[in-house]
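One structure is given here, and the rest of the page talks about it.
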Amino acid sequence: MLNINKTIENNTAVIALEGRLDTVTSPDLEQVLREVLPGLTELTLDFTGLDYISSAGLRVLLVAQKQMNRQGSMKLTGVNAAIREIFDVTGFSDILTFA
Amino acid sequence: MKQEKRKVSIIIQVAILFLIGILTTGLLTYYFVTRASEASVKRQTERSAAEIADEARHAVMEYPAHQWLIRYWYMHSEEMDIEYDAEFNRQAKTMEKCRTFSALHPEIQIRYADAFQLDALSEEDQRLYAEITYSWLTTRIDQIKRSNHVDYLFGVITEQPFDRQFFLFSGANPGAVRGTNYEEVYPLGHTVSVAESQQEAMREATVYSSHLADAGNYVDYYELLCSFEGHSVLIGMTYDLSGLRTESREQTRSGSTLAILNQIALSAICLGLIFLFVLRPLKKVQTSIRGYKQNKDSTAVIADLAEVRSHNEIGALAGDVSEMVREIDNHMDKIRTITAEKERIGTELALATRIQEAMLPSTFPAFPDREEFDVYASMDPAKEVGGDFYDFFLLDDDHLALVIADVSGKGIPAALFMMVSKILVNNYTMTGSSPAKALEAVNRQICANNREEMFVTVWLGILELSTGRLTAANAGHEYPVLRMPGGGFALYKDKHGFIIGGMDGMKYKEYEIQLEPGARLFVYTDGVPEATNAKLELFGTDRMLEALNKDPAASPEEILKNVRAAVDDFVGTAEQFDDLTMLCLEYRGEKKERNK
């Protein structure tokens with residue numbers, strides 16, 4: 001299950017995730033991003049409460065990163081060790097920004 | 001097994017209620033009517049007694065000289081010669097006396113003589129007069145008693161302390177005996193002592209002029225006639241109420257009975273109405289519904305229910321049930337359509353699964369005539385079709401290509417992408433590219449047409465069979481596992497490029513590993529380390545290595561079996577979440593160099 005808390009201020013947004021980002025829950029995040037991203041210049045994804053990410057979740061991140069590359073910037077915070085390893089293995093560490 | 005609650009017909013339930021109502025009404029009616037009639041009987045009695053006493057009083061007072069007479073009768077009761085209880089026209093003696101007196105005193109009218117006239121008479125004549133009038137009085141009192149059906153009618157003289165009665169007159173029935181014994185009718189002058197209750201009654205009568213004393217089935221009544229010289233003259237009677245009581249009880253009984261019968265009749269009619277207007281149509285509805293349960297014939301149900309034409313809630317119920325049945329029919333049709341559709345999709349999915357399965361090399365042993373190596377692989381999709389794949393093929397006589405890959409996601413979208421990826425990897429590898437170059441070409445191709453932003457992780461290796469040199473590149477895929485001869489399996493942390501399809505223009509680096517005869521290579525997708533049990537724990541690479549090292553020198557098929565068994569054991573009853581794909585290669589080397 002996934003809880004999504006969004007805080008939007010002008011053109012910046014912080015989206016905090018809690019739970020699992022997998023095949024079942026990724027569409028929820030995809031929907032939220034589709035609504036929030038247009039016109040955004042700064043996006044922060046808070047992964048403090050996130051336990052697990054699967055390839056479906058990676059896909060959503062990739063789409064978001066590509067779009068924010070065109071509009072502004074995107075960074076990730078609170079990434080735990082297990083998820084960091086997934087980023088390393090898949091090479092995502094090279095294209096994502098961590099804070 | 002359904003346990004049916006014991007059902008009682010509504011008729012019975014209502015009937016019981018009615019029964020209780022009838023009983024209650026009956027009892028209450030009987031009680032209250034009885035009380036009312038008791039009171040009425042008393043009132044009636046008192047009125048009758050007063051009337052009778054009045055008659056008796058008149059019998060005495062019609063003589064103007066009654067005070068004189070009472071006094072005389074009281075004083076001279078012993079000397080008088082009285083003719084008792086003879087009918088008026090049969091009083092021989094008295095009639096004789098009448099003639100005698102009239103002859104002696106023609107100026108006096110016997111009935112209307114007054115005290116003055118009587119005082120002037122001689123003693124003998126006074127006695128004569130007294131005897132005549134007394135006989136007449138007695139006869140009259142007898143008449144009054146008889147015609148009013150009182151048990152006792154008498155006149156007594158009494159004074160303080162009221163413990164004795166002097167009988168002045170006493171009514172008798174025809175044939176009764178005059179005497180002083182208990183059963184006999186008392187003559188003039190008989191004196192009796194009186195019971196306490198009677199004393200009380202007489203006292204009350206002297207004070208209040210009349211008194212009614214209730215003594216069970218009898219009533220005693222005393223009325224003050226007059227007084228003289230300290231004496232009270234009372235008229236007394238005893239009245240038997242049992243006759244009246246019986247009569248009123250009869251009336252009460254018949255009244256109550258009528259009320260109860262009326263109630264019973266109304267109840268019966270009510271029950272009948274309930275049966276006709278509630279139970280029968282309701283049973284019809286029930287039968288229809290039961291029938292529908294049996295044979296699902298909605299037309300029959302609707303036809304039956306249309307016969308229930310009650311203009312009340314039951315009719316409404318019948319209408320509602322008809323509609324419900326129609327709705328059920330509609331609903332079932334919808335479900336039938338949906339189910340058919342689902343079955344069609346299921347069939348097509350099954351076909352797709354078979355197509356996908358056919359794409360992966362699944363004949364084992366794959367290269368029976370090549371003894372330098374043995375390879376075994378398996379793919380278990382989480383859904384009917386999966387996104388993982390493996391591949392192995394000979395590029396030429398000396399080069400074996402090995403592929404393991406994992407498409408983002410699961411199911412049909414991943415399966416379609418998987419087909420494309422596999423073919424591309426196969427093609428570009430076959431054209432003689434090195435692993436790195438091949439991956440770069442595949443990435444370019446996929447990024448060109450990737451609007452849905454799918455991606456795939458790939459590990460690609462090319463083994464030179466004559467030398468044992470393995471050249472490989474990794475595009476975001478899990479670390480491969482190596483076992484050198486004589487040792488155990490361990491993760492080989494190779495350099496990772498970015499996932500295929502993620503970004504255009506990515507470069508990949510390849511690396512070399514020297515395999516000795518007896519070495520084993522194990523590659524897998526994340527379905528293995530990320531297998532989850534019911535407690536949401538992950539299988540992990542440690543457990544995977546443990547399973548591999550259970551028998552590191554086993555054949556690739558055995559090794560895969562061990563890992564699969566360990567995963568199954570760990571996952572237990574939880575659902576398989578991701579595709580499970582594994583490939584294992586055993587390098588034996590050229591014939592002459594073979595060793596474990």
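Each chain gets a letter, A, B and so on, in the order the sequences are listed, and its residues count up from 1. Because only heavy atoms are used, hydrogens play no part in the values below, and waters and symmetry mates are left out as well, while side chains stay in.
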Toward chain A, the part of B:Met454 with a non-hydrogen atom under 4.5 Å: both

Which portion of A:Leu58 sits near chain B, non-hydrogen atoms under 4.5 angstrom: both

With sequence neighbours left out, the residues meeting side-chain contact (heavy atoms from CB on, under 4.5 Å) with B:Ala415 are B:Gln356, B:Val385

Roughly how far, to the nearest 0.5 Å, is CG of A:Leu62 from CZ of B:Phe455? 6.5 Å

Donor-acceptor pairs under 3.5 Å, chain B versus chain A:
from     : atom 1 : to      : atom 2 : distance (Å)
B:Gly409 : N      : A:Ser55 : OG     : 3.1
B:Lys410 : NZ     : A:Thr23 : OG1    : 2.6
B:Glu452 : O      : A:Arg59 : NE     : 3.2
B:Glu452 : O      : A:Arg59 : NH2    : 3.1
B:Glu453 : O      : A:Arg59 : NE     : 3.4
B:Glu453 : OE1    : A:Lys66 : NZ     : 2.9
B:His496 : ND1    : A:Val89 : O      : 2.1
B:Ile499 : N      : A:Thr90 : O      : 3.4
B:Gly502 : O      : A:Lys66 : NZ     : 2.7
B:Glu530 : OE1    : A:Tyr52 : OH     : 2.6

Are there more than 12 heavy atoms of other residues, nucleotides or ligands under 6.0 Å from atom CD1 of B:Ile412? no

